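Here is the structure we will look at, set down as structure tokens.
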Amino acid sequence: MSYLKKMVDILLGLQWGDEGKGKIVDVLAPQYEVIARFQGGPNAGHTLEFDGKKHVLHQIPSGIFRKDCINIIGNGVVLDPIIFKKEIEGLAPYDIDFSRNLYISKKASLIIPTHRLLDAASERSKGESKIGSTLKGIGPTYADKIGRQGLRVGDILSASFQKKYSDLLARHKQVLEFYQYEYDLEESEKNFFEAVEFLKSFNLTDSEYTINEAIQNGQKILAEGAQGSLLDVDFGSYPFVTSSSTTTAGVSSGLGVAPQKIRDVFGIFKAYCTRVGSGPFPTELLDETGERMRQEGREFGSTTGRPRRCGWLDLPALKYSVMLNGVTRLIMMKADVLNIFEEIEVCTHYRLPDGSLTDQMPFDLCEEKAEPVYKTLKGWHTSLEGLTRFGDMPQELKEYVTYIEKEIGVPVTFVSTGPDRLATVSRDPEL
Ligand code: GDP
Ligand code: IMO
Ligand code: MG
């Protein structure tokens, strides 16, 4: 029966973001007609590499370089028009037909310049306990959405947009005064209104219809996650999280896709862990090993340039994310970064303050200290360059992958061995 067609796959991060989502969406995109972002905003930085060039996307879905893909910025996204304009201008050399290939939901939330100021003011007021936000205005914009006072992309087409903007601005100014936060809005407001005019020339639609019509027409859709499951507003290490639902559940509300339309969930993770910003990170390595990982993996933020904190793979955290998302296929990224290590540690359990062991995520990792318990595996200690078949990979890497599959109970479909599109080893002949 056509209404039961399952046409939506999801690709999302299982750790604290920056797992390599952009790269794999670009790799998988030729198999889909539609690529759709369902949450987050310009806090995301998704890197793609091909033909010797690197591209970082923030709000535009990572299918944009594939001529046959329609890209949708869904209603669950918070969109900054100024950053959007810059992104589009940066794509000018690529001859992309945005009128055919890009749609933006009228119900997506609009980030206005004072949202960024509020983000900065809130972070400053928290001092040592700041979230480490990307300062893109994400938290304040989602707060306005949930507080039922935000602006949406579709509002820019309304005759009363200026009034709606001024009303929200007046509220924001009061809060900024409370924070005693000094600012000068002139330049950013000018850029904002220019960018809003620019935005009007794009396809602004009720994208829930676009997507459901695509499903009805038998087209395949890939929902592209931003951030990672451990930054989810409900299940992440609250309050050190982002402000959206980064898990599978966010796809239904962030695109208007009913749960029974969802087929595969690709869960993507690094062969180790990184985190940018504040908050608990049980396997963090504050020593030379962590520094070597950071240098070898070039672990510096794609959006803010901040050094990423690094540590060994955390299986209790990975199991948790797989459970929450209903992951059907795993994708292991950055295996090549571990080439430099003779031995690889994997956290199998946490030891709690009372001495007991658990493989579940404690309620609050800030209050409850969880000491990682490690299993040591032999490293492969050799280059992976040029390998295209899993069967040709070093035995120790195959064992690492098999061990993770056994622990998690989900197959690893891809192993990524470098930033380029082509450095991707598939274990499924159909993909
Ligand atoms: P995203 O936010 O999940 O899309 O990930 P980011 O783009 O923020 O960060 C991933 C980084 O790792 C980018 O610089 C990618 O170019 C790079 N990358 C992706 N896959 C691999 C890989 O398999 N090996 C290496 N060495 N780098 C990779
Ligand atoms: P992608 O999509 C890694 C982190 C920030 C901060 C916390 C809250 O590239 O994986 P926010 O600006 O959302 O209020 O910040 O979340 N964060 C990310 N970390 N990758 C991201 O996106 C992130 N987006 C937000 O560093 O700790
Ligand atoms: Mg990123």
Side-chain angles (χ1 to χ4, degrees), residues 11-27 37 39-50 53-59 61-62 77-78 80 111 115-116 118-120 122-123 130-143 224-233 236-244 246 268-281 293 295-309 331-340 383-385 387 414-425:
L11 183 139
L12 42 72
L14 299 178
Q15 295 163 325
W16 285 280
D18 301 329
E19 296 89 351
K21 298 175 289 294
K23 168 183 163 163
I24 297 295
V25 170
D26 170 63
V27 167
R37 274 277 304 269
Q39 45 69 235
N43 48 351
H46 294 181
T47 314
L48 288 68
E49 271 193 52
F50 54 87
K53 283 216 182 91
K54 174 173 157 171
H55 313 270
V56 182
L57 297 168
H58 299 288
Q59 306 180 110
S62 303
V77 170
V78 288
D80 184 328
I111 302 178
H115 281 130
R116 261 179 285 138
L118 288 166
D119 207 355
S122 161
E123 285 285 78
K130 68 174 183 183
I131 309 289
S133 130
T134 58
L135 301 178
K136 302 291 177 195
I138 306 298
T141 309
Y142 277 116
E224 172 180 0
Q227 291 76 58
S229 303
L230 304 175
L231 289 171
D232 181 87
V233 67
S237 41
Y238 194 87
F240 299 100
V241 293
T242 191
S243 299
S244 62
T246 59
I268 174 163
F269 68 101
K270 279 180 192 168
Y272 50 101
C273 283
T274 64
R275 172 163 204 171
V276 63
S278 330
F281 179 179
M293 261 182 205
Q295 295 305 330
E296 191 65 18
R298 297 206 184 88
E299 295 296 357
F300 298 89
S302 322
T303 297
T304 57
R306 291 178 291 178
R308 295 177 181 144
R309 301 155 64 193
I331 301 177
M332 186 170 96
M333 305 301 289
K334 303 191 91 159
D336 55 303
V337 175
L338 298 186
N339 293 353
I340 56 170
S383 167
L384 306 177
E385 221 174 304
L387 292 181
F414 290 98
V415 177
S416 174
T417 60
D420 194 90
R421 234 181 218 175
L422 301 176
T424 316
V425 176

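Note that the structure is predicted; figures quoted are calculated from it, not measured. Read the numbers this way: they start at 1 and go in the same order the structure lists the ligands and their atoms.
For the pair Thr304 and ligand 2, no heavy-atom separation below 4.0 Å is found. Heavy-atom distances between Arg308 and ligand 1 reach below 4.0 Å in at least one pair. Heavy-atom distances between Gly45 and ligand 1 reach below 4.0 Å in at least one pair. Residue contacts with ligand 1: Gly13 is excluded, as none of its non-hydrogen atoms falls under 4.0 Å.
Contact between Phe240 and Pro280 at its shortest, heavy atoms only, is CD1-CD, 3.9 Å. Residues Met293 and Val337 approach most closely at O-CG1, 4.0 Å, considering heavy atoms. Residues Gln227 and Ser244 come closest through the heavy atom pair OE1-OG, 4.1 Å. In terms of heavy-atom proximity, Val425 sits nearest to Leu387 at CG2-O, 3.5 Å. Residues Thr134 and Ile138 share a closest heavy-atom pair of OG1-CG1, 4.4 Å. The nearest pair of heavy atoms linking Pro307 to Phe300 is CA-CD2, 3.6 Å.
Among the atoms of Lys334, some N or O lies under 3.5 angstrom from an N or O of ligand 1. Residue Val337 places no N or O, backbone or side chain, under 3.5 Å from any N or O of ligand 1. Any N or O atom pair closer than 3.5 Å counts here, and Leu135 shares no such pair with ligand 2. Polar contact with ligand 2: absent for Ser243 (N/O pair, distance under 3.5 Å). Of the N or O atoms in Glu19, none lie within a sub-3.5 Å distance of an N or O in ligand 2. Between Gln227 and ligand 2, at least one pair of N/O atoms sits closer than 3.5 Å. Between Lys21 and ligand 1, an N or O atom pair is found at a separation short of 3.5 Å. Looking at ligand 2, you'll find an N or O of Gly45 within less than 3.5 Å of one of its N or O atoms.
Counting protein heavy atoms only, atom 20 (N) of ligand 1 is closest to Met333 CE, 3.4 Å. The closest protein non-hydrogen atom to atom 7 (O) of ligand 1 is Thr47 OG1, 2.5 Å. Nearest protein neighbour of atom 14 (O) of ligand 2, counting heavy atoms only, is Ser133 CB, 3.6 Å. Nearest protein heavy-atom neighbour of atom 8 (C) of ligand 2: Val241 O, 3.4 Å. Thr242 OG1, 2.6 Å is the protein heavy atom nearest to atom 13 (O) of ligand 2. Remark: minimum distance from atom 10 (C) of ligand 1 to any protein heavy atom is reached at Asp18 O, 3.7 Å. The protein atom (non-hydrogen) at minimum distance from atom 26 (N) of ligand 1 is Asp336 OD2, 2.7 Å. Scanning the protein heavy atoms around atom 12 (O) of ligand 2, the nearest turns out to be Thr134 OG1, 2.6 Å. Nearest non-hydrogen protein atom to atom 20 (N) of ligand 2 is Asp18 OD1, 3.1 Å.
The backbone N or O of Gly40 lies less than 3.5 Å from a partner atom in the side chain of Tyr142, making a donor-acceptor pair. With hydrogens and angles disregarded, a donor-acceptor distance shorter than 3.5 Å links the side chain of Glu123 to the backbone of Gly132.
With ligand atoms numbered from 1 in the order given, ligand 2 contributes 1 (P), 2 (O), 9 (O), 22 (O) to contacts under 4.0 Å with heavy atoms of Ala44. Each of the atoms 1 (P), 2 (O), 4 (O), 7 (O) of ligand 1 lies under 4.0 Å from some heavy atom of His46. Below 4.0 Å from some heavy atom of Ser416 lie the following atoms of ligand 1, by number and element: 20 (N), 21 (C), 22 (C), 23 (O). When each atom of ligand 1 is checked for a heavy atom of Gly22 under 4.0 Å away, the hits are 4 (O). Those atoms of ligand 2 that come under 4.0 Å of a heavy atom in Arg306, given as number and element, are 5 (C), 26 (O). Each of the following atoms of ligand 2 lies closer than 4.0 Å to a heavy atom of Trp16: 3 (C), 19 (N). Near Lys21, meaning under 4.0 Å from any of its heavy atoms, are these atoms of ligand 2: 1 (P), 2 (O), 10 (O). Here is the list of ligand 2 atoms found below 4.0 Å of a heavy atom in Ala226: 2 (O). Atom numbering of ligand 2 starts at 1 in the shown order; those under 4.0 Å from a heavy atom of Leu231 are 4 (C), 16 (O), 17 (N), 18 (C), 19 (N).
Tyr272 and Glu299 share a side-chain donor-acceptor pair at under 3.5 Å.
With a 4.0 Å heavy-atom cut-off, ligand 1 is reached by the backbone of Thr417 but not by any atom from C-beta on. Residue contacts with ligand 2, taken as heavy atom pairs separated by less than 4.0 Å, do not involve Arg275 at all. At a heavy-atom distance under 4.0 Å, no atom of Phe240 approaches ligand 2. Contact annotation: for Lys23 versus ligand 1, heavy atoms closer than 4.0 Å belong to the side chain alone. Contact annotation for Asp119 and ligand 2: no heavy atom of the residue comes within less than 4.0 Å of the ligand. Under 4.0 Å from ligand 2, not a single heavy atom of Lys136 appears.
Counting non-hydrogen atoms of neighbouring residues, nucleotides and ligands closer than 6.0 angstrom, the CZ atom of Phe50 exceeds 12 such neighbours. By the 6.0 Å contact criterion, CZ on Arg298 is open, its count of non-hydrogen atoms from other residues, nucleotides or ligands being 12 or less.
The nearest N, O or S atom of Gly45 is closer to the Mg ion (ligand 3) than 2.8 Å.
A salt bridge is absent between Asp80 and Lys136; no separation between the charged side-chain nitrogens and carboxylate oxygens falls under 4.0 Å.
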| task | Start with the C-alpha gap between Asp18 and Thr274, add the side-chain angles, then the distance that decides, and say whether side chain to side chain donor-acceptor pair (under 3.5 Å) holds. | result | CA-CA 8 Å; Asp18 301 329; Thr274 64; 5.2 Å; no

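Considering NZ of Lys23 and CZ of Arg421, their distance stands at 10.5 Å, rounded to 0.5 Å. Atom OG of Ser62 is separated from atom CG of Leu11 by 9.0 Å, given to the nearest 0.5 angstrom. To the nearest 0.5 Å, atoms CE (Met333) and NZ (Lys270) are separated by 9.0 Å. Note that CZ of Arg37 and CD of Gln59 are 7.5 Å apart. Values are rounded to the nearest 0.5 Å. From His46, atom NE2 reaches atom NZ of Lys21 across 4.5 Å, with rounding to the nearest 0.5 Å.
Only one option out of Leu14, Ile24, Val27 pairs with Ile331 in a side chain to side chain contact (heavy atoms under 4.5 Å, CB included); it is Ile24.
Around atom 6 (C) of ligand 2, the closest heavy atom drawn from Gly132, Pro140, Gly17 belongs to Gly132.
Closest approach between the Mg ion (ligand 3) and any N/O/S atom of Asp18 involves OD1.
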